[in-house]
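One structure below.
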Amino acid sequence: MRKLTALALASTLAFGSVSLAFAADSTPAAAAPAEHGKMLQHKGPRHADPFAGLNLTEQQRTQMRDLMKQERAAHPRGEGKAHMEQLHTLVASDSFDEAKAKAEIDALTKARADQMLSRMRIENKMYNLLTPEQKKQFNENHQKRVEKMAERHAQRAAQHDQAKTHTAE
C-alpha cells in the first residue's frame with residue numbers, strides 16, 4: 001500500500017510540474033504551516049514552478065507554451081483516472097484478485113514512468129531555451145527548493161516523533 005501511495009504522490013507531482021511550467025512568471029505561494037492532525041489547505045499553486053522568477057522574454061514564454069501544448073496534444077489526460085478506477089474496483093470487490101491488482105499496478109507504474117520521462121524531456125527543452133544567466137538562476141532556485149523540502153521533512157519528522165511520545169505517555 002505504501003508503494004501505491006508513493007506512486008500516487010509522485011504522479012501528482014509530475015502532473016503539477018508540467019502543467020505549471022508554462023506559467024513562468026508566477027511565483028509560488030508560500031504554504032501555511034499546518035497544525036498536527038489538521039489537513040493542509042492549499043492556497044495557490046500546489047507545486048513550485050521550476051521556471052518561476054527567471055525573467056523570461058515573451059519569446060521564451062511563447063516557445064514554452066508551444067512545447068506544453070504539443071505535449072498535452074501528444075499525451076491526453078484520462079489514462080490515470082481509468083487506472084485509479086480499476087484499482088478501486090479491485091479493492092471494493094468481494095474477493096481480492098492479487099494477479100489483477102499486480103497487473104494494474106504494473107500498468108499504472110509504466111504509464112506514470114512514461115509520463116515522467118515525457119515531462120523531463122519537455123522540461124529539458126524548456127531549460128535549453130534559457131540564457132546562461134537564467135540557467136544559473138534556475139539551478140540556484142532548484143537548490144533552494146531542495147533545501148526547503150529537507151527542512152520541511154525534518155520538521156514533520158520532529159512533529160511525528162513528538163506526537164508519538166505524547167501518545168505513548
Side-chain angles (χ1 to χ4, degrees), residues 1-24 26 28-52 64-127 142 145-169:
M1 194 63 173
R2 285 184 183 182
K3 286 183 182 180
L4 185 59
T5 303
L7 186 62
L9 180 60
S11 67
T12 302
L13 292 173
F15 279 127
S17 178
V18 172
S19 65
L20 291 175
F22 71 91
S26 65
E35 293 179 30
H36 184 71
K38 291 188 177 181
M39 293 182 63
L40 290 175
Q41 295 180 358
H42 294 284
K43 295 179 181 176
R46 292 176 73 177
H47 308 289
D49 173 13
F51 297 94
M64 288 183 179
R65 284 186 196 114
D66 290 345
L67 286 170
M68 293 305 301
K69 285 179 185 176
Q70 291 170 5
E71 178 66 14
R72 282 191 295 270
H75 301 284
R77 289 183 158 203
E79 187 177 332
K81 284 184 180 182
H83 286 296
M84 297 309 283
E85 277 302 315
Q86 184 60 33
L87 290 174
H88 172 73
T89 301
L90 290 166
V91 168
S93 67
D94 291 334
S95 63
F96 185 71
D97 187 337
E98 191 165 331
K100 281 185 181 178
K102 284 182 179 182
E104 190 60 34
I105 290 170
D106 289 344
L108 178 61
T109 302
K110 183 185 180 327
R112 301 289 163 105
D114 291 346
Q115 191 174 36
M116 289 178 73
L117 179 63
S118 180
R119 184 205 74 210
M120 290 175 68
R121 189 178 300 118
I122 291 298
E123 285 187 1
N124 175 258
K125 288 178 182 179
M126 294 168 79
Y127 176 81
H142 169 75
R145 280 192 304 274
V146 167
E147 291 167 3
K148 192 173 182 178
M149 285 190 327
E151 184 180 310
R152 281 192 208 141
H153 179 72
Q155 288 174 347
R156 287 184 183 134
Q159 288 175 345
H160 180 70
D161 291 345
Q162 186 180 16
K164 272 186 166 179
T165 58
H166 286 296
T167 57
E169 293 175 354

_Interatomic spacing from CZ in Arg65 to CE in Met126 - rounded to 0.5 Å_ = 10.0 Å
*Once you round to the nearest 0.5 Å, how far does CG of Leu117 lie from CD1 of Ile122?*
10.5 Å
_Distance check, rounded to the nearest 0.5 Å: His160 atom NE2 versus His153 atom NE2?_
10.5 Å
*Mind running side-chain contact (heavy atoms from CB on, under 4.5 Å) on Glu123 and Arg119 for me, showing each step along the way?*
CA-CA 6 Å; Glu123 285 187 1; Arg119 184 205 74 210; 3.7 Å; yes
*asked:* Just verifying a value: how many Å separate Glu147 CD and Glu151 CD, rounded to the nearest 0.5 Å?
replied: 9.0 Å
*Mind checking the CG-NZ spacing from Leu87 to Lys100? Nearest 0.5 Å is all I need.*
13.0 Å
*Look at Asp106 together with Lys110 and state whether they make a salt bridge at an N to O cut-off of under 4.0 Å.*
no
*Could you state the interatomic distance from CD (Glu104) to NZ (Lys102), rounded to the nearest 0.5 Å?*
14.5 Å
*Do side-chain atoms of Ser118 reach the backbone of Asp114 as a donor and acceptor pair under 3.5 angstrom?*
no
